[in-house]
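Each remark here refers to the structure printed beneath this line.
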Amino acid sequence: MRLTRRSMLGATALTVSMTALAACSQDPGTGGGGNGGSDGGGEEGGDAPIAADSNDINAKDRSELGEGGALRLANNAFPANWNGFHTDGNEANTSEMLATMYPSLIQYSAAGEVTHNPQYAQRIELTSEDPQVMEIELNEGMTWSDGTPINYQSIANVFETMNGSKPDYAIASSSGYDKVEKIEQGASDLIAVVTFKEKYADWISLPGVMPDSLVATADAFNTSWAAEPLVTAGPYKVDTIDAANKTVLVVPDENWWGDKPLLSQVLFTTIEDPAATATAFQNGQLDVIETTVPATYSVVEPLIGNGATLRKAAGPNWTHLTLNGAEGRALADPAVRQAMFRAIDRHEVFLSVNATMPYPDNTEPLNNHLLMTNQEGYQDNSGDLGTYDPEAAKKLLTDAGYTLEGEGDDMKAMKDGKAVEITYVYNDGSKTNEAVVPVVQEQLKAVGITMTVQKVPPTDLFSKYVIPGDFDVTLFGWVGNPFLSSGDSIWKTDGEQNFGKIGDAETDALIDQAAVETDPAKRLELINQADARLWQLAGVVPLWQAYDFFVQNDDLANFGAKGFQSLDWTKIGYVKGSSKLDG
């Protein structure tokens with residue numbers, strides 16, 4: 001879904017900590033910050049847009065950091081499933097916690113360059129172009145926490161499970177894996193040889209590992225990690241998971257073979273109310289807050305320069321409205337969906353959330369589903385559907401056989417004796433949704449579409465509503481990484497992450513062509529053709545590109561607004577001499 005440099009195409013991922021190309025991970029939270037209308041930007045606005053290859057994590061060498069100290073972080077949804085390969089576990093909060101304790105065979109730089117992760121792998125490379133063959137060689141001596149080796153079979157478990165051949169396994173996405181012809185053991189039990197059916201541009205995104213126990217049966221894959229990760233292998237391990245209080249404490253794993261982690265512990269606390277998160281940071285109970293809405297930023301802004309620093313990056317993430325066009329739903333009619341696109345003023349929606357946030361001035365709205373505004377190849381493919389025009393929305397409805405009955409607030413779009421009524425489902429406590437809902441509700445009312453609202457527990461949003469399709473409209477964010485094709489399952493007609501069930505054969509064909517096109521310029525052309533089709537299908541309304549905004553302790557290093565970069569949990573810690581090392 002994302003492009004950074006011509007030399008490396010990119011997209012969102014299942015999770016940075018597990019396998020880089022299986023799916024986008026969902027962010028159910030505040031919705032992120034980002035680009036919107038020309039009025040965006042608080043008192044720190046007015047800066048030039050942040051480059052795609054820039055970030056701010058207070059980068060320091062290990063030699064500059066001390067050992068010890070606790071890092072206290074907050075998230076907004078407790079995991080529904082700790083298996084990040086599972087559709088319920090493919091979620092941003094879960095991914096962040098798993099990154100401390102689960103292997104990732106690849107790593108990303110701020111510029112979106114992808115390499116093997118030397119903590120886990122010796123090499124990941126193409127050994128043949130035609131046919132396309134990839135070899136993955138793991139480090140020696142690595143074991144899962146249950147004592148079983150991390151070897152060829154651990155890699156094969158990923159490819160054989162995620163390729164879509166096991167329908168009872170509720171995988172997050174088969175994208176990329178379904179293009180593999182076979183996987184075989186190489187010259188040793190640490191080497192996997194992966195042969196593709198056809199060339200696949202994002203081949204390096206696929207490597208990952210899974211323990212044997214997780215894939216033994218469909219039930220093991222789907223439910224055995226619902227309460228906790230039963231097997232880990234990372235710099236940290238689980239000390240306690242308190243589901244009642246929604247806290248997760250991880251501590252250094254004494255069996256870890258790589259660089260020793262610096263922190264003595266990392267505590268993750270689920271706080272569903274953003275205002276409470278801001279208060280906790282203000283009161284010294286958290287060391288970091290990701291602040292993307294005024295409700296939190298206004299509370300923590302006075303601390304900036306007084307022991308805390310604002311760090312920001314133009315992340316590969318974006319906020320949107322997903323419409324449910326499944327058969328039998330109110331939005332199954334594409335004319336109604338297109339009318340909604342014309343009826344919603346995306347600039348006003350952006351300002352409802354972000355008017356006082358520190359964004360660059362004069363930024364563009366997000367007018368592409370597949371590329372971010374600061375990425376090579378980005379172009380506006382929205383056409384008329386990206387332009388707010390309530391009269392045009394009404395005409396789309398009447399041309400499709402709807403009648404507009406009544407006037408003003410009482411106007412209803414009717415067909416076959418039924419009014420167009422939809423339900424907007426969102427996670428309770430989301431300040432972004434609380435700001436967006438009344439704006440969208442009024443704008444739809446003005447064209448005769450009635451929108452009711454249903455608030456649900458954050459942990460349930462995806463598992464019980466979005467994934468099963470029990471919604472008409474919902475807002476959340478897609479969390480990205482440097483691979484384009486990993487988002488394919490969002491857009492393809494039968495994609496595992498196509499929650500709105502909207503697609504067509506022409507768009508599917510363009511997505512498939514882009515996935516196997518290795519010429520960067522030609523691939524960009526196909527991607528933009530696919531995006532133009534997505535606008536016409538009117539299934540997802542892009543709202544704004546998410547900027548990363550973190551306010552955090554001055555002394556915390558190698559953590560914060562990472563943009564495209566993957567975090568290295570062996571390097572996150574406090575600078576030498578920091579009082580945090582005594583905690």
Side-chain angles (χ1 to χ4, degrees), residues 13-26 77-99 101-105 120 136 143-180 182-183 192 194 205-234 237-238 241 243 248 459-460 462-464 466-469 486 488-490 494-499:
L14 168 74
T15 158
V16 171
S17 62
M18 300 187 70
T19 180
L21 179 74
C24 295
S25 60
Q26 309 109 14
F78 198 72
N81 193 318
W82 284 89
N83 177 5
F85 295 94
H86 188 276
T87 185
D88 290 347
N90 176 39
E91 185 271 334
N93 294 293
T94 307
S95 174
E96 179 181 314
M97 289 184 275
L98 283 169
M101 65 183 93
Y102 199 96
S104 175
L105 301 191
Y120 294 99
I136 307 160
T143 61
W144 296 102
S145 57
D146 63 1
T148 59
I150 300 176
N151 56 17
Y152 160 77
Q153 189 57 52
S154 305
I155 301 171
N157 288 340
V158 173
F159 284 83
E160 293 169 355
T161 301
M162 301 302 290
N163 64 13
S165 64
K166 301 177 179 180
D168 293 337
Y169 287 63
I171 61 172
S173 172
S174 61
S175 295
Y177 299 104
D178 58 1
K179 300 187 185 304
V180 170
K182 60 183 177 179
I183 179 169
V194 180
S205 64
L206 296 174
V209 288
M210 278 193 221
D212 297 347
S213 58
L214 183 60
V215 299
T217 65
D219 186 59
F221 184 85
N222 295 333
T223 67
S224 68
W225 283 30
E228 61 181 326
L230 298 181
V231 182
T232 60
K237 65 178 182 180
V238 173
I241 294 179
V248 177
T459 301
D460 294 344
F462 293 109
S463 61
K464 295 184 180 179
V466 176
I467 294 170
S486 63
D488 288 359
S489 65
I490 301 171
D494 297 323
E496 294 92 345
Q497 293 188 297
N498 185 347
F499 302 132

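Atoms considered below: every heavy atom in the structure, side chains included; atoms not considered: hydrogens, waters and symmetry mates.
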message: Taking atom NZ as the centre, does K237 end up with more than 12 heavy-atom neighbours from other residues, nucleotides or ligands that are less than 6.0 angstrom away?
response: yes
Rounded distance (nearest 0.5 Å) linking atom [atom1] of [X] with atom [atom2] of [Y]:
X    : Y    : atom1 : atom2 : value
S174 : D488 : OG    : CG    : 9.5 Å
F499 : T87  : CZ    : OG1   : 5.5 Å
S175 : L206 : OG    : CG    : 9.5 Å
W144 : I150 : CH2   : CD1   : 5.0 Å
S154 : D212 : OG    : CG    : 6.0 Å
F221 : N83  : CZ    : CG    : 4.5 Å

For [X] and [Y], which heavy atoms make the closest approach, and how far apart are they?
X    : Y    : answer
S104 : Y120 : O-CD1, 3.3 Å
V209 : Y102 : O-OH, 2.7 Å
M162 : A172 : CE-N, 4.2 Å
P229 : I241 : CD-CD1, 3.8 Å

Can you check whether [X] reaches [Y] side chain to side chain, under 4.5 Å on heavy atoms?
X    : Y    : result
F462 : N90  : no
F159 : I136 : yes
S224 : T217 : no

message: If only side-chain N and O atoms count, and only distance matters, is there a donor-acceptor pair under 3.5 Å linking N157 with T161?
response: no
message: When you compare the side chains of N163 and S165, does any donor N or O come within less than 3.5 Å of an acceptor on the partner?
response: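 On atom types as modelled, these side chains qualify, holding a pair under 3.5 Å.
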message: Between I490 and N498, is the side chain to side chain contact (heavy atoms under 4.5 Å, CB included) condition met? List the steps.
response: CA-CA 4 Å; I490 301 171; N498 185 347; 5.9 Å; no
message: S213: which residues meet the side-chain contact (heavy atoms from CB on, under 4.5 Å) condition with it, sequence neighbours left out?
response: D146, P211, V231
Residues that N222 engages under side-chain contact (heavy atoms from CB on, under 4.5 Å), provided they are two or more places apart: H86, A170, A218
- prompt: When you measure from the side chain of D88 to the backbone N and O of A80, does any donor-acceptor pair fall under 3.5 Å?
  reply: no
query: Do the side chain of S145 and the main chain of T232 share a donor and acceptor less than 3.5 angstrom apart?
result: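 The answer is yes, because a donor-acceptor pair under 3.5 Å joins these two groups.
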- request: Walk me through it: do W82 and V248 pass the test side chain to side chain contact (heavy atoms under 4.5 Å, CB included)?
  value: CA-CA 12 Å; W82 284 89; V248 177; 3.8 Å; yes
task: Would you please test V215 and E160 for side chain to side chain contact (heavy atoms under 4.5 Å, CB included) and show each step?
output: CA-CA 9 Å; V215 299; E160 293 169 355; over 6 Å; no
